[in-house]
Amino acid sequence: MGQKSKEKTWWKESVVYQIYPRSFQDSNGDGIGDLQGIIRRLPYLQWLGIDVIWLSPIFQSPNDDNGYDISDYQAIMNEFGTMEDFDELLRQAHEHGLKIMLDLVVNHSSDEHAWFMESRKSKENPYRDYYIWREGKDGKEPNNWGGSFGGSAWKKDETTGEYYLHTFSPKQPDLNWDNKKLREEVFSMMRWWLDKGVDGFRMDVINMISKVPGLPDGEKHGGQYGDFTPYVMNGPHVHEYLQEMNKEVLSKYDVITVGEAPAVTVEQAKQYVGFDADELNMVFQFEHMCVDEGPYGKWTKNPLDLVNLKNVLSKWQTGLDGIGWNSLYWNNHDQPRIVSRWGNDGEYHDKSAKMLGTCLHLLQGTPYIYQGEEIGMTNVEFSSISQYRDIECLNQYKDFVEQIGMNPEEAFARIQKSSRDNARTPMQWNGEANGGFTEGTPWIEANPNYTQFNVEIQRKDKDSVLHYYRKLIRFRKEHLIVIYGTYESLLPKDPQVFAYKRKYQDQELYVLCNFSKESIPVVIPGFTEMKENLVLWNDTRWIPGELSPYEARVYLI
Ligand code: NOJ
């Protein structure tokens, strides 16, 4: 165990709040959230008690994938404002004691980025090698990989007759990290933002930047295309490139970093986030988000198997303890809303939202709250496919109906449950039109339940989900055990209760969470519940040895 494992650092002690700027707060009535809108809400975030704001991409973009397709890394998206607005946001955030983390999307750029526009001009163009170009094979794509948003991962470009790789949409060509010049461009762009004063980066699919040479065909899991995962994720040079990034950029600043890392295992994660690895502070792993998947992957949402979820999270808790650092999340702009997914968005809405918050925030790691989670925002029940906006779900719906021949009702039901748009409806500030998000027409319809669940109502109500999240955040700040304590899983086989123990110096913290809508007996061997030790609780009637539906109890001893 290296010395760094014991170090106390601000990013371990922080709570991060993710803003999806498009849907957070509109200030000019165009129906799209913007930077001035965020500035207006800084006092709210300060009141909530979070430390760091992660902004989903705010850069110039044709918005094929809502800003995850960047055409200029050093300019602000027109709809969001100007660089002056950004400078003001950064200054005011700092004045409010809040740090700003940007979204670094450098596995790919937009096809409208100047680099790509040059790159496609000719095979000899100096920018050609910034991207991944290949000749076709027998008049077809260079290999069988499917893109993450449907179709092939290759697109033929008529100018030179070659294909370019796009692991996401055809408007998101993959950058070629094997090219040192490209890496240097990215590093100097990062320095430019850090010199401005930003406090860190969330790195989009950063474990995909190094592809296996030869780009071999992927295995087909029933569909038309092969799976690129083994040849794209955690590729041969990814650690070399991240260490270089760390040496050239990150190590020179005091920053927070988290790398999005689909399909990463705990063992692999140690290489990214090990305290002595000199790469990143944290990764976003996906294993716990996949426990309810089925035959259609994320488009099947099976009932939650709690034992499986606990196994996965416990494995990450103990696997990284003393070695690296966990990120903790239930939600982000790509996931359906947690209260609808693993809680109860009807009768037990508030109680289950608080329970889920408790369960997550008291684990070891840095918690991430996604906008609206703190008021228990739910999935949206759109009634027509025309109400959806996300490229991923629109393509998937078409694939289901046209390629697979699924009946449209079933396809629609799958989209409703799993679409990323569940997370992207406007932030619900108050009971006014569109939840106070905009005075215009929102780019995506608001969830009509904004009249019921909104910030204004919940701020006035001390028992609300919002006040509970605020309490959770404060509790972490006041108790080092939450941050630095060790983790032990209790009752790992119990199908309804998620229970664990944290230990730090001479303190112990017991967390008991009922994930079901039944009252159930709970006995922790060797532990006696005492009401005077209760420090966090989402109920009013205390019955030792029994948890009411979705009850969460936390004892500090
Ligand atoms: C992961 C991001 O979170 C997601 O929103 C995006 O579509 C893909 N990466 C591609 O950038």
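Numbering of ligands and ligand atoms starts at 1, following listing order.
Salt-bridge annotation for Asp254 and Lys99: absent, with no side-chain N of the basic residue lying under 4.0 Å from a carboxylate O of the acidic one. With salt bridges taken as basic N to acidic carboxylate O contacts below 4.0 Å, none links Lys171 and Asp69.
Arg22 places a side-chain heavy atom less than 4.5 Å from the side chain of Asn63.
Tyr164 and Asp111 are not linked by any side-chain donor-acceptor pair at a separation below 3.5 angstrom, with hydrogens and angles left out of the test.
Taking the ring centre of Trp154 as origin, the terminal cationic atom of Lys156 falls outside the region bounded by 6.0 Å and 45° from the ring axis.
Under the 6.0 Å cut-off for aromatic ring centres, His166 and Phe149 do not qualify, their centroids lying 6.0 Å or more apart.
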Tabulation required: pairs of a nitrogen or oxygen in ligand 1 and a protein nitrogen or oxygen under 3.5 Å; columns are atom names and distance to 0.1 Å; otherwise 'none'.
residue	atom	partner	partner atom	Å
ligand 1	3 (O)	Arg202	NH2	3.1
ligand 1	3 (O)	His333	NE2	2.8
ligand 1	3 (O)	Asp334	OD2	2.5
ligand 1	5 (O)	His333	NE2	2.9
ligand 1	5 (O)	Asp334	OD1	2.8
ligand 1	5 (O)	Asp334	OD2	3.4
ligand 1	5 (O)	Arg420	NH1	3.3
ligand 1	7 (O)	Asp65	OD1	3.4
ligand 1	7 (O)	Asp65	OD2	2.5
ligand 1	7 (O)	Arg420	NH1	3.0
ligand 1	9 (N)	Asp204	OD1	2.9
ligand 1	9 (N)	Asp204	OD2	3.1
ligand 1	11 (O)	His108	NE2	2.9
ligand 1	11 (O)	Asp204	OD2	2.7

